[in-house]
Amino acid sequence: MLRLTGALLVAGGVSALGFAAAGGLTRRVRTLSALAGALALMERELSFRLTPMPELLERLAERTAPPADALFVYCRAGLDRLGETSLDELWREGLETLSLRDGERLALEHLGAVLGRYDGEGQRAALAEAQEELEQALAEAREERSRLGRMYRVAGTAAGTVLAVLLL
């Protein structure tokens with residue numbers, strides 16, 4: 001009876017690893033999608049309303065879906081130390097709260113270097129570039145999720161079953 005319980009626990013644990021890996025792919029898609037929506041909102045606010053940066057960060061913190069909202073919450077909270085730290089540094093520190101790959105992080109770091117420093121046209125051009133790169137990353141993440149997500153779940157379940165059988 002103890003061996004059966006152990007085998008079931010091993011099977012369940014290994015299966016959970018596969019499901020966790022698939023969940024990571026889904027979280028990445030969710031994060032990139034929320035960031036793409038936030039950048040679109042940012043572009044509209046800068047294009048049509050010329051919203052000041054503190055108000056813009058506040059709106060983005062309120063209207064962006066988790067987990068991407070953490071970036072804007074962090075930057076908005078850090079505005080009180082703007083004399084000691086630049087907005088670019090706050091932006092980079094805020095990006096650390098998100099689990100992004102290097103290319104995605106780099107595209108957003110370039111955007112952070114432009115925000116609040118240049119005229120509206122320069123900021124909109126940087127936003128358009130970042131949006132394009134994020135859309136490409138989002139398409140790749142969706143394709144990866146559909147291709148690998150199911151495989152991770154099936155492989156985890158199969159490996160767990162094989163280990164359980166070997167333990168019995």
Side-chain angles (χ1 to χ4, degrees), residues 15-153 156:
S15 294
L17 289 174
F19 279 87
L25 296 174
T26 300
R27 278 190 303 280
R28 179 169 175 248
V29 168
R30 193 177 313 128
T31 300
L32 291 174
S33 180
L35 280 170
L39 292 186
L41 176 61
M42 186 184 285
E43 181 186 19
R44 286 191 304 272
E45 289 287 331
L46 288 174
S47 295
F48 301 119
R49 298 190 64 217
L50 300 173
T51 307
M53 195 54 62
E55 184 181 335
L56 177 61
L57 291 173
E58 185 69 37
R59 284 179 192 229
L60 290 169
E62 292 171 357
R63 295 182 182 173
T64 302
D69 63 340
L71 168 65
F72 305 109
V73 168
Y74 183 86
C75 289
R76 178 63 180 117
L79 285 180
D80 59 344
R81 50 186 182 113
L82 204 53
E84 309 160 12
T85 309
S86 68
L87 181 60
D88 181 30
E89 290 174 30
L90 286 174
W91 185 264
R92 266 192 252 125
E93 291 170 7
L95 286 174
E96 295 299 322
T97 64
L98 304 175
S99 57
L100 298 172
R101 293 188 177 166
D102 290 338
E104 301 152 1
R105 184 178 316 283
L106 189 61
L108 290 171
E109 283 179 2
H110 288 301
L111 174 61
V114 172
L115 287 177
R117 298 179 98 185
Y118 296 101
D119 64 344
E121 191 59 40
Q123 291 182 60
R124 285 191 295 274
L127 269 168
E129 184 179 326
Q131 280 178 307
E132 183 177 318
E133 290 184 35
L134 271 186
E135 288 297 330
Q136 288 175 351
L138 179 59
E140 290 172 11
R142 284 181 174 147
E143 190 273 328
E144 186 176 314
R145 179 186 63 181
S146 67
R147 184 172 43 88
L148 295 177
R150 186 168 186 215
M151 191 226 14
Y152 286 159
R153 289 188 294 273

Using a 4.5 Å cut-off on heavy atoms from C-beta on, say whether the side chain of [Y] contacts that of [X].
X: L108; Y: R105; value: no
X: L17; Y: Y152; value: no
X: F72; Y: L56; value: no
X: L111; Y: L39; value: yes

Find the distance between [atom1] ([X]) and [atom2] ([Y]) and round it off to the nearest 0.5 Å.
X: R27; Y: T31; atom1: CZ; atom2: OG1; value: 8.5 Å
X: S33; Y: E135; atom1: OG; atom2: CD; value: 8.0 Å
X: Q131; Y: R124; atom1: CD; atom2: CZ; value: 12.0 Å
X: R76; Y: M53; atom1: CZ; atom2: CE; value: 11.5 Å
X: R30; Y: L138; atom1: CZ; atom2: CG; value: 12.5 Å
X: R153; Y: L148; atom1: CZ; atom2: CG; value: 10.5 Å

Look at [X] together with [Y] and state whether they make a salt bridge at an N to O cut-off of under 4.0 Å.
X: R81; Y: E93; result: yes
X: R147; Y: E143; result: yes
X: E55; Y: R59; result: yes

Exercise for the section: Please indicate whether D80 has more than 12 foreign heavy atoms, meaning atoms of other residues, nucleotides or ligands, lying under 6.0 Å from its CG. Expected result: yes
Problem - With L35, the side-chain contact (heavy atoms from CB on, under 4.5 Å) member among L95, D69, T64, L100 - result: L100
Practice task
Identify which one of R142, R145, R101 satisfies the side-chain contact (heavy atoms from CB on, under 4.5 Å) criterion when paired with R28.
Solution key: R101
Considering all heavy atoms, the nearest [X]-[Y] contact:
X: L46; Y: T51; value: CD2-O, 3.9 Å
X: A34; Y: A68; value: CB-CB, 3.6 Å
X: L115; Y: W91; value: CD1-CZ3, 3.8 Å
X: A70; Y: T97; value: CB-OG1, 3.8 Å

Practice task
Check step by step if side chain to side chain contact (heavy atoms under 4.5 Å, CB included) holds for D88 and E109.
Solution key: CA-CA 8 Å; D88 181 30; E109 283 179 2; 5.9 Å; no
Practice task
Return yes if some donor-acceptor pair links the side-chain N/O of S47 with the main-chain N/O of R44 below 3.5 Å, else return no.
Solution key: no
Exercise for the section: Just jot down the side chain to side chain donor-acceptor pair (under 3.5 Å) partners of R63, sequence neighbours excluded, or say none. Expected result: none
